[in-house]
Every structure is written in C-alpha cells, then in structure tokens.
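On a predicted model such as this, the values are computed, not experimentally measured, just so you know.
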Amino acid sequence: MNRTLLAKLNWSLANEDRKPLVIGLLKKYCRRDSFWAVNQKSLDFFLWKNLIENGSLLCKGSCTLVNRGDKVVVKHQPWILWLNYSEFMDLMSRHLNLFPHLNSVANLSLGNWWNEGLVISIFGGNLGRRILEIPKLPTSTSNKIIWKPKKNAVFSVKSAYVEDKKSCFGVKVDLGSEFGTRRGSLHQVIENWISNSGTSRSKALVYIGCVLTVILQQRNTLRIYGKTDPFFTIVHKLKSYFGELWDPLEEQVRISPLLQNVGTPYRFVTMTDASWSDGVAGLGVVLIDTVTSKWFLSSSKSKSGSILEAETVAILTALQRASQCY
C-alpha cells in the first residue's frame with residue numbers, strides 16, 4: 001500500500017481527528033492503549049496492520065509539544081524536538097529501561113512543570129538540564145503534534161514522501177544558509193560531510209575531491225557546449241576517478257608511479273589554480289610539506305588584467321608561501 005497515504009491516515013489517528021474512519025479505528029483498536037503504543041495482532045484487519053507497520057514514517061517526521069503530558073507515551077511518542085526518531089528511541093531504551101512505571105511524560109512532571117530531580121536522575125546532568133528547558137504548553141491547551149520537515153509544522157503527503165525517500169535522495173545540505181552568513185564556509189560544510197560520512201577521513205576527502213572534479217568538469221562543459229553529460233555518464237566518471245585514486249584492499253590512496261619519488265629531492269610541493277572574469281581573479285594555492293606531511297591552503301581574490309596574469313600571481317603566491325616555511 002502507498003506509505004505516504006497511510007502516513008496521512010496515521011497523522012489523523014495521532015491527532016484523533018473527528019472523522020468517521022478515524023473514530024472507528026481508535027474505538028476498535030485503541031480502547032486500552034494509546035495509538036503510539038498499540039501492538040499489532042495476528043487477527044487485526046489488514047488496513048490496521050499496514051497502518052501499524054507504517055507508523056515509523058509518522059514517528060520520523062513528527063514531534064509532540066506537551067502540556068501536562070498525560071497522553072504522551074514517553075517511550076514511543078517523540079517529544080524531544082532536537083532528536084531524530086532513531087536517536088530518540090535509542091535514548092529512551094538506554095535511560096528508561098530501569099523505570100518501567102514511567103508510561104507518560106506526565107510521570108516526569110509535577111503538574112505543568114518538569115520534575116527536576118527525577119529528570120536529572122534519569123537522564124543525567126547535561127541532558128537532563130537541556131530537557132528541563134523544553135517549554136510546556138499551557139494547561140488550557142491540548143498536546144500538539146507538529147510535522148518537523150515543514151516550516152509551518154503541518155503534515156503534507158508530499159513532505160512525507162520526501163521524508164520517506166531521504167535515503168534515496170541523499171542528505172539535503174542547505175548551502176545557501178552556510179554561505180550566506182559569516183559563520184559558514186565551504187571548509188565547514190566539507191568538515192560536516194566528513195564527520196557524518198561514517199568512513200575514514202582520507203577516504204572521504206578523496207571522494208569529495210572526485211565529486212568536486214566532476215562538478216567543475218560539468219560546469220565547463222555547460223559553459224562551452226551548452227549542455228552537460230547524461231546523469232549515468234557523470235556517475236560513471238565519478239566512480240572511475242575514485243577507483244583510480246583509492247585502493248579498497250589497502251584502504252589508502254593509490255600512489256602514482258610518477259609521484260612516488262616526489263618527496264625525495266623536494267621538500268615542498270605546490271599546486272596552484274586561478275579563475276578570471278571581468279578583471280577579477282580567484283586564486284587558489286595548496287602547499288604540501290613532504291617531510292612533516294602537513295599541507296596548507298590559501299585562497300584569495302585580486303584584480304587582474306588577464307587569465308595569464310592571474311595564473312602568474314597564483315604561482316607567485318605559492319612561492320611566497322613556500323619561502324615563509326624556511
């Protein structure tokens with residue numbers, strides 16, 4: 001069955017919408033347990049079985065803002081806004097196994113306030129104090145379920161589909177917010193990618209280098225020929241470049257025979273590049289110290305009369321940087 005349409009029905013069930021189908025399902029299957037904690041039974045109607053099996057999609061994107069919290073299932077219903085669903089479930093399994101009597105968020109509260117001593121004793125000092133800072137809704141209002149992937153916090157089938165297919169689309173990175181502020185930089189974005197890649201730093205850097213190479217090639221192809229290569233051709237190039245540079249058996253970078261003796265007669269190896277447009281040059285310099293295995297990166301902009309002048313200035317910058325290392 002269509003997972004995103006099932007997620008829409010699950011959203012209605014979680015919010016206890018006054019719809020005939022929702023009212024009927026809740027009365028039949030959730031008389032004793034909350035919708036968030038009910039278990040599937042072998043004799044259940046096939047639609048209900050599919051709804052329960054599909055509940056993970058609702059959990060991945062939703063979070064509950066609590067008042068007293070008496071109807072919020074503490075172990076299964078996400079209520080900590082900054083955690084994704086897998087992190088939330090891992091946290092609950094690690095910290096609440098010794099407290100089987102805790103069924104709802106109300107058990108962590110004193111009226112409309114958090115029970116500070118209990119929260120800190122369960123979750124520890126740092127995390128406990130952060131949980132204590134979670135604001136509660138006024139007692140005059142009911143618990144509110146929000147949909148985190150949308151800015152307006154309202155569920156939609158389209159956003160549920162995107163949330164469900166994230167593993168296929170890859171992780172979305174908001175480069176605009178990164179580069180639109182002084183705090184952001186390409187270096188920070190790459191460091192974030194590396195730290196979240198789940199692989200070695202060397203391997204991640206090689207792969208990112210291959211990705212950037214392919215992007216630059218396609219940019220030049222588009223500017224010169226007015227079109228890019230087909231998608232599968234681009235992917236094939238990326239895999240080929242990575243296969244040439246990374247040895248999967250040794251788990252290290254392949255050393256080209258042309259570069260094996262570079263470190264013997266020379267201590268410093270420099271690489272330069274320059275771009276030029278409308279009298280402005282972008283300069284990039286990489287300097288590698290073959291003795292200490294350290295490398296330095298420098299990038300800048302300057303006025304330039306031509307691309308030849310820009311390339312010359314980049315080389316001069318590299319030589320100046322190397323002279324400073326002696």
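Just one residue in the list Asn67, Leu65, Ile145, Asn143 forms a side-chain contact (heavy atoms from CB on, under 4.5 Å) with Val72, and that residue is Asn143. Between Lys75 and the options Leu96, Asn103, Leu91, a side-chain contact (heavy atoms from CB on, under 4.5 Å) holds for only Leu96.
By the 6.0 Å contact criterion, NZ on Lys49 is enclosed, its count of non-hydrogen atoms from other residues, nucleotides or ligands being greater than 12. Within 6.0 Å of the NZ atom in Lys71, the count of heavy atoms belonging to other residues, nucleotides or ligands does not exceed 12. Within 6.0 Å of atom NZ in Lys148, more than 12 heavy atoms from other residues, nucleotides or ligands are found, so the atom counts as buried in its surroundings.
Under the 4.5 Å side-chain criterion, counting only non-hydrogen atoms from C-beta, Ile23 is in contact with Arg18. You'll find the side chain of Asn107 stays beyond 4.5 Å of the side chain of Asp70, heavy atoms only. Between Cys63 and Trp147 the shortest side-chain heavy-atom distance does not fall below 4.5 Å.
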**Q.** side-chain contact (heavy atoms from CB on, under 4.5 Å) between Lys136 and Ser109, worked out
**A.** CA-CA 10 Å; Lys136 286 195 169 188; Ser109 308; 2.3 Å; yes

Q: Determine, step by step, whether Leu108 and Asn115 satisfy the side-chain contact (heavy atoms from CB on, under 4.5 Å) criterion, reporting the C-alpha distance in whole Å, the side-chain angles of both residues, the deciding distance to 0.1 Å, and the verdict.
A: CA-CA 6 Å; Leu108 298 173; Asn115 186 332; 5.6 Å; no

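In this structure, Trp11 is a member of the same hydrophobic cluster as Val73, with clusters built from ILVMFWY side-chain heavy atoms closer than 4.5 Å. In terms of hydrophobic clustering, with Ile, Leu, Val, Met, Phe, Trp and Tyr side chains grouped at heavy-atom distances under 4.5 Å, Leu127 and Phe99 are assigned to a common cluster. Both Trp36 and Leu26 are assigned to one and the same hydrophobic cluster, defined by single-linkage of ILVMFWY side chains at heavy-atom distances under 4.5 Å. Note: the hydrophobic cluster containing Leu137 does not contain Val105 (ILVMFWY, side chain heavy atoms under 4.5 Å, direct or indirect links). Following chains of ILVMFWY side-chain contacts shorter than 4.5 Å, one can reach Met92 starting from Trp82, so the two form part of one hydrophobic cluster.
Checked by atom type, the side-chain pair Gln40/Tyr29 shows no donor-acceptor distance below 3.5 Å. With 3.5 Å as the limit, one finds no donor-acceptor pair spanning the side chains of Ser306 and Trp276.
Both the sub-6.0 Å distance and the 45° axial angle are not jointly satisfied by Arg68 relative to the ring of Trp113.
Of the possible donor and acceptor atoms, one in the side chain of Trp79 sits under 3.5 Å from a partner among the backbone N and O of Val74.
Using a 30° and 60° split on the angle between ring planes, Phe242 and Tyr207 fall in the perpendicular class, above 60°.
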In residues 226-235, what donor-acceptor pairs under 3.5 Å come from side-chain atoms, sequence neighbours left out?
from, atom 1, to, atom 2, distance (Å)
Asp229, OD2, Gln218, NE2, 3.0
Asp229, OD2, Lys237, NZ, 2.8

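With respect to Asp164 and Arg3, a salt bridge is recorded, a charged nitrogen being found less than 4.0 Å from a carboxylate O.
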